[in-house]
Amino acid sequence: QLGTLPFMNGNHSVTTDEATAGTLTITTSLSTINGYIVQIYRSNNLVCGQKVTTSSGNLTIATNGSTYVLTASDKINYIVY
């Protein structure tokens, strides 16, 4: 239960430009992110190993060495609070 914490959820499909850059930033409606849940699916399979960072109200997802490479059409589901 999130109680009185504000939260936001959404989804994002990785674009070719984002995949080429190896990073993407999702701007949320929150001024501060205290925590998050991120799930990424590729061809209907859950993938992991992505690098996730937060700054102010932004959630940044990036390639993490060789364990996860941001790929066009990856489906990102997220909850931030």
Side-chain angles (χ1 to χ4, degrees):
Q1 178 178 348
L2 296 176
T4 59
L5 282 175
F7 74 95
M8 179 186 169
N9 66 300
N11 56 61
H12 179 82
S13 184
V14 177
T15 67
T16 301
D17 289 343
E18 291 166 338
T20 300
T23 187
L24 68 90
T25 299
I26 298 169
T27 302
T28 74
S29 61
L30 304 180
S31 58
T32 301
I33 295 175
N34 295 297
Y36 57 83
I37 299 169
V38 174
Q39 291 183 318
I40 300 178
Y41 289 87
R42 182 178 297 149
S43 301
N44 295 320
N45 294 304
L46 182 64
V47 294
C48 55
Q50 66 276 3
K51 180 179 179 183
V52 180
T53 57
T54 63
S55 176
S56 301
N58 296 324
L59 183 69
T60 300
I61 300 164
T63 292
N64 186 14
S66 62
T67 57
Y68 173 76
V69 177
L70 199 62
T71 303
S73 298
D74 281 359
K75 307 296 184 211
I76 300 171
N77 299 307
Y78 61 90
I79 299 171
V80 292
Y81 53 93

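Counting from 1, the numbers follow the sequence of the chain as shown.
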Enquirer: Could you measure the distance from the OH atom of Tyr36 to the CG atom of Leu30? Nearest 0.5 Å is fine.
Expert: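 Reported value, rounded in 0.5 Å steps: 14.5 Å.
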Enquirer: Would you mind writing out the side-chain donor-acceptor pairs for residues 16-24 within the sub-3.5 Å range, not counting sequence neighbours?
Expert:
residue, atom, partner, partner atom, Å
Glu18, OE1, His12, NE2, 2.9
Glu18, OE1, Thr15, N, 2.9
Glu18, OE1, Thr15, OG1, 3.3
Glu18, OE2, His12, NE2, 3.2
Thr20, OG1, Thr16, O, 3.0

Enquirer: Kindly compute the distance separating CD1 (Ile37) from OH (Tyr81), expressed to the nearest 0.5 Å.
Expert: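 With rounding to 0.5 Å, CD1 (Ile37) is 5.5 Å from OH (Tyr81).
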Enquirer: Could you give all pairs that pass the salt bridge (Lys or Arg N to Asp or Glu O under 4.0 Å) test and reach residues 52-73, with sequence neighbours left out?
Expert: none
Enquirer: Listed by chain and number, what are the side-chain contact (heavy atoms from CB on, under 4.5 Å) partners of Asn11, not counting sequence neighbours?
Expert: Asn77
Enquirer: In the hydrophobic clustering that connects Ile, Leu, Val, Met, Phe, Trp and Tyr at side-chain heavy-atom distances below 4.5 Å, which members other than Tyr41 occupy its cluster, ordered by chain and number?
Expert: Leu46
Enquirer: How would you list all residue pairs meeting salt bridge (Lys or Arg N to Asp or Glu O under 4.0 Å) that involve residues 20-35, not counting sequence neighbours?
Expert: none
Enquirer: Scan for salt bridge (Lys or Arg N to Asp or Glu O under 4.0 Å) pairs involving residues 58-73, sequence neighbours excluded, and state none if there are none.
Expert: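 Non-adjacent pairs meeting salt bridge (Lys or Arg N to Asp or Glu O under 4.0 Å): zero.
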Enquirer: Show me the donor-acceptor pairs within less than 3.5 Å that the side chains of residues 68-75 make with the rest of the protein, sequence neighbours left out.
Expert:
residue, atom, partner, partner atom, Å
Tyr68, OH, Asp74, OD2, 2.6
Thr71, OG1, Arg42, NH2, 3.0
Thr71, OG1, Val69, O, 2.8
Asp74, OD1, Arg42, NE, 2.8
Asp74, OD2, Arg42, NH2, 2.9
Asp74, OD2, Thr71, N, 3.3
Lys75, NZ, Ser13, OG, 3.1

Enquirer: What pairs of donor and acceptor atoms, side-chain ones from residues 49-60 against any protein atom, are under 3.5 angstrom apart with sequence neighbours left out?
Expert:
residue, atom, partner, partner atom, Å
Asn58, OD1, Thr27, OG1, 3.2
Thr60, OG1, Thr25, OG1, 3.2

Enquirer: Can you tell me which residue pairs pass the salt bridge (Lys or Arg N to Asp or Glu O under 4.0 Å) test with a partner in residues 52-71, sequence neighbours excluded?
Expert: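 The answer is none; no pair qualifies.
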Enquirer: Determine whether Val14 and Ile61 make a side-chain contact, defined as any pair of heavy atoms from C-beta on separated by less than 4.5 Å.
Expert: no
